[in-house]
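Following: one structure in structure tokens, then a few remarks.
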Amino acid sequence: MGPGVGLFTDNHEPKNIRTISTKEIHIKKNAWLGARVNVAPGVTIGENSIIGTGAVVPKDIPDNAVAVGVPAKVIKYIK
């Protein structure tokens with residue numbers, strides 16, 4: 001993990017802003033997260049995946065993928 005990575009496991013419920021929900025984040029073996037990546041609650045980062053610097057990851061990233069951007073999108077797969 002690079003510097004400034006944010007792993008956010010809690011969020012407000014959309015229907016009731018006063019209620020907070022929590023969900024686990026799973027980061028699998030050999031995953032790389034660049035500097036200042038933000039990961040939303042409930043997301044799984046796949047094995048051997050790379051998340052580019054500054055990406056915001058709101059949904060799961062599959063194994064062996066390279067994802068970048070806001071929101072993070074898979075741009076290629078690693079063989």
Side-chain angles (χ1 to χ4, degrees):
M1 281 191 222
V5 169
L7 303 175
F8 302 98
T9 59
D10 60 346
N11 197 3
H12 294 282
E13 287 291 332
K15 294 179 183 176
N16 184 355
I17 196 73
R18 296 172 196 250
T19 301
I20 295 177
S21 65
T22 61
K23 294 181 183 173
E24 294 179 350
I25 293 172
H26 298 277
I27 301 173
K28 294 185 177 178
K29 183 178 177 184
N30 293 325
W32 288 33
L33 280 69
R36 294 183 178 83
V37 167
N38 289 313
V39 182
V43 170
T44 296
I45 307 291
E47 190 169 337
N48 302 315
S49 291
I50 299 170
I51 311 300
T53 298
V56 175
V57 187
K59 59 184 181 179
D60 293 351
I61 302 297
D63 293 345
N64 304 306
V66 177
V68 298
V70 179
K73 293 182 182 169
V74 175
I75 59 168
K76 70 178 184 177
Y77 288 90
I78 305 166
K79 293 184 180 185

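Here the structure is a predicted model, which means the values were calculated and not measured.
- Hydrophobic clustering of Ile, Leu, Val, Met, Phe, Trp and Tyr side chains at less than 4.5 Å, counting indirect connections, unites Trp32 with Ile75.
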Decide yes or no on side chain to side chain contact (heavy atoms under 4.5 Å, CB included) for Lys28 and Asp63, but give the supporting numbers first.
CA-CA 8 Å; Lys28 294 185 177 178; Asp63 293 345; 3.9 Å; yes
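- Taking the side chain as every heavy atom from C-beta outward, Leu7 and Met1 approach each other to under 4.5 Å.
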Which side-chain N or O atoms in residues 48-60 pair as donor and acceptor under 3.5 Å with protein atoms at least two apart or in another chain?
| unit_1 | atom_1 | unit_2 | atom_2 | d |
| --- | --- | --- | --- | --- |
| Asn48 | OD1 | Asn30 | ND2 | 3.4 |
| Asn48 | ND2 | Asn64 | OD1 | 3.2 |
| Ser49 | OG | Gly46 | O | 3.2 |
| Ser49 | OG | Pro62 | O | 2.6 |
| Ser49 | OG | Asn64 | N | 3.4 |
| Ser49 | OG | Ala65 | N | 3.3 |
| Asp60 | OD1 | Thr44 | N | 2.9 |

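- When hydrophobic clusters are built by joining Ile, Leu, Val, Met, Phe, Trp and Tyr residues whose side-chain heavy atoms come closer than 4.5 Å, directly or via intermediates, Ile25 is grouped together with Val37.
- Summarising the geometry of Glu47 relative to Lys29, their closest heavy-atom pair is CG-O, 3.1 Å, with the distance given to 0.1 Å.
- Partners of Thr19 according to the side chain to side chain donor-acceptor pair (under 3.5 Å) rule, which considers only residues two or more places apart in sequence or in another chain, are Asn16.
- For the atom pair Ile20 CD1 and His12 NE2, the distance stands at 5.0 Å (nearest 0.5 Å).
- Residues Tyr77 and Val66 fail the side-chain proximity criterion, which asks for heavy atoms closer than 4.5 Å.
- The side chain to side chain donor-acceptor pair (under 3.5 Å) check on Asp10 picks up nothing, with sequence neighbours excluded.
- Under a hydrophobic-cluster definition in which Ile, Leu, Val, Met, Phe, Trp and Tyr are linked whenever side-chain heavy atoms come within less than 4.5 Å, directly or via other members, Ile78 and Ile61 are assigned to different clusters.
- Smallest separation of non-hydrogen atoms from Gly42 and Lys23: N-CB, 3.4 Å.
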